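First the proteins, then the strands, lettered A, B, ... as listed; each starts at 1. No hydrogens, no waters, no symmetry mates; every other heavy atom, side chains included, goes into these values. These numbers were taken from a predicted model, which means no experiment stands behind them.
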Number of protein chains: 2
Amino acid sequence: MSLNSRRRGAELEDAILDAAWDTLIEHGYHGFTFEAIAARAGTSRPVLYRRWPQRADLLMAVLHKFWGSQPIEVPDTGDLRADAIGFLRNADKGRTGLMTVISAQLMEYFRETGTNFEELRDRLRRPGPLGFEVIVARAVARGDLPDEPRSRRVVNLPFDLLRNEMLMTMRPVSEQAITEIIDDVWLPLLLR
Amino acid sequence: MSLNSRRRGAELEDAILDAAWDTLIEHGYHGFTFEAIAARAGTSRPVLYRRWPQRADLLMAVLHKFWGSQPIEVPDTGDLRADAIGFLRNADKGRTGLMTVISAQLMEYFRETGTNFEELRDRLRRPGPLGFEVIVARAVARGDLPDEPRSRRVVNLPFDLLRNEMLMTMRPVSEQAITEIIDDVWLPLLLR
DNA sequence: ATCGTTAGATACATCTGCGTATCTTAAGGC
DNA sequence: GCCTTAAGATACGCAGATGTATCTAACGAT
């Protein structure tokens, strides 16, 4: 592996984090070993240990690099239903869907460290309003929804249901499930 | 360990399954090893291998014994809200809550076998109507709800939300969360 | 009392990952 | 061009788990 060039600093670190990320996706937290990651990155374990003494340190570095980095796009079509469905689609197909599945693979990590899904998400999420908060606020501004207080649970309901769907099936969420969530549950609740 | 009596047949098998169950709860799927289980059951690995050649075989035997065995009690108070809240409480505090958490620990198993949460649940669930189907049917019979078709997603919504809550926090679900699910989401949707 | 079955103990070779230590040599700053 | 830094290779002992083989002795049926 020492053909010619020897990577250093940030370049090396990026390569390792990429390898770690790929390893996590392909083999879950169980396969997320210094051994496997070093091999995949074309380096050796001591190089990893020098930077991240604990497996959890490396994991956090990976998640920081790849999780928060790509927020879900919030559509702005001028129509509440279209915005909601589009947002769920984006959440499903983008990195977030992947992250949900990954999070599930981290149960072993949660057990080891005593943390949970929620804490991890809060720790990695960038600040600002949630997607559905934006969508609802826009609808209210347009006059499509009455300007009344709504609980976070109601506003963010579709996302909770989408997550539940993802976790139960560990597969891409069907278009039918998405429209059911919006048409059978969320919109009737908002517009009652 | 051979003080006096040597267990055989069903007695031994029960003891092993108990030990396997405890091991799964305490150490997750990662700790669910023939080594640990045999030690805990006070026997040796060959005894286990003779009965369950694969780890997955043992796991399924354990889940069959401890999962389906205790259905969630469906309250029948004559009041829709009380029934719903009571049912969620029962689901949370009973074995089901535990099973949800356990299921999360099985992500590694799902990965290995290519199955998922949903398939496992369907495979282990005893036949018959779901809890909330019963609760809604009773309310309709009393005349408390109109007799109109409702999607499975709407009827079983509280359970999906409860599961989401359990998976996100990996802790007992708060009374507040339960009442929010029923009062802010489900009842307004049914009674709109 | 005998006998077939099988629990339980032990041993084995093997594998994978861990964490550390050591050495070389390439890279980059000055 | 020298010199400090650190990458990369390798080796070591350790731990835990795997799957199988072998032996004994307890149990249950007859």
Side-chain angles (χ1 to χ4, degrees), chain A residues 1-62 105-109 111-113, chain B residues 1-62 105-109 111-113:
Chain A
M1 192 52 64
S2 61
L3 292 177
N4 209 351
S5 70
R6 176 178 287 188
R7 298 160 298 182
R8 299 207 144 212
E11 183 195 355
L12 176 61
E13 196 154 318
D14 275 353
I16 294 172
L17 291 178
D18 288 350
W21 171 247
D22 292 341
T23 303
L24 181 60
I25 289 182
E26 281 180 30
H27 305 293
Y29 187 62
H30 175 248
F32 190 81
T33 66
F34 282 60
E35 189 99 13
I37 295 164
R40 181 159 200 150
T43 183
S44 58
R45 279 179 296 132
V47 175
L48 274 66
Y49 278 104
R50 280 169 199 147
R51 289 156 200 267
W52 307 280
Q54 314 278 345
R55 180 202 281 214
D57 300 330
L58 177 53
L59 179 67
M60 288 314 296
V62 170
Q105 304 292 344
L106 294 183
M107 288 301 170
E108 211 56 52
Y109 164 77
R111 158 180 294 279
E112 277 177 18
T113 58
Chain B
M1 194 52 64
S2 62
L3 293 176
N4 208 351
S5 71
R6 176 178 283 187
R7 299 161 296 181
R8 301 209 142 210
E11 184 195 353
L12 176 61
E13 196 155 318
D14 274 353
I16 294 173
L17 291 178
D18 288 350
W21 170 249
D22 292 341
T23 303
L24 181 60
I25 289 183
E26 281 179 30
H27 305 292
Y29 187 61
H30 175 247
F32 190 80
T33 65
F34 282 61
E35 188 99 13
I37 295 165
R40 181 160 202 151
T43 183
S44 56
R45 280 179 296 132
V47 175
L48 273 67
Y49 278 104
R50 280 167 199 148
R51 288 155 201 267
W52 306 279
Q54 314 278 345
R55 180 202 280 216
D57 301 330
L58 177 52
L59 180 67
M60 288 314 296
V62 170
Q105 304 291 344
L106 294 183
M107 287 300 172
E108 210 56 54
Y109 164 77
R111 161 179 292 278
E112 276 176 19
T113 59

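Take the nearest nucleotide of DNA chain C for F32(A) and for P46(A): the residue whose nucleotide is more 5' is F32(A).
Rounded to whole Å, the distance from CD on E35(A) to P on dT20(C) is 15 Å. Per the geometry, NE2 belonging to H30(B) stands 10 Å off P belonging to dC18(C), to the nearest Å. At whole-Å resolution of the value, CZ in F34(A) and P in dT20(C) are 10 Å apart. One interatomic measurement links the two molecules: CG of L12(A) to P of dA9(D), which rounds to 11 Å at whole-angstrom precision. Atom pair I16(B):CD1 and dG8(C):C1' shows a separation of 11 Å (rounding to whole Å applied). Atom OH in Y29(B) sits about 13 Å away from atom C1' in dA17(D), given to the nearest Å. Here dT20(D) presents its C1' atom at 15 Å from CG of L48(B), a figure rounded to the nearest Å. Computed from coordinates, the E11(A) CD to dA6(D) C1' distance equals 14 Å when rounded to whole Å.
Summarising the geometry, atom CG belonging to L58(A) is positioned 11.0 Å from atom CZ belonging to R51(A); distances are rounded to the nearest 0.5 Å. For the atom pair CZ (R6(A)) and CG (L12(A)), the distance works out to 10.5 Å, reported to the nearest 0.5 Å. Annotation: the span from R55(B) atom CZ to L48(B) atom CG amounts to 12.5 Å, rounded to 0.5 Å. The OG1 atom of T113(B) sits 9.0 Å away from the CE atom of M60(B) when rounded to the nearest 0.5 Å. For the atom pair E108(A) CD and E112(A) CD, the distance stands at 6.0 Å (nearest 0.5 Å).
Not one side-chain nitrogen or oxygen of T43(A) sits closer than 4.0 Å to the OP1 or OP2 atom of dA7(D). A close approach under 4.0 Å does not occur between any side-chain nitrogen or oxygen of R7(A) and OP1 or OP2 of dA6(D).
Comparing dG19(C), dA7(D), dA11(C) against the side chain of R6(A) picks out dA7(D) as the nearest.
DNA chain D is contacted by R50(A), R51(A) of residues 50-61 of chain A, taking any non-hydrogen atom closer than 4.0 Å.
Put simply, the side chain of R45(B) and the base of dG19(D) share a donor and an acceptor less than 3.5 Å apart. Residue R8(A) places no side-chain atom within donor-acceptor reach of the base of dG28(C), judged by atom type and a 3.5 Å distance cut-off alone.
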Solution key, residues 23-37 of chain A side-chain donor-acceptor pairs under 3.5 Å, sequence neighbours excluded:
{"from": "T23(A)", "atom 1": "OG1", "to": "A19(A)", "atom 2": "O", "distance (Å)": "2.7"}
{"from": "E26(A)", "atom 1": "OE1", "to": "R40(A)", "atom 2": "NH1", "distance (Å)": "3.3"}
{"from": "E26(A)", "atom 1": "OE2", "to": "R40(A)", "atom 2": "NH2", "distance (Å)": "2.8"}
{"from": "T33(A)", "atom 1": "OG1", "to": "A36(A)", "atom 2": "N", "distance (Å)": "3.0"}

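Here S44(B) lies in heavy-atom contact (under 4.0 Å) with a base.
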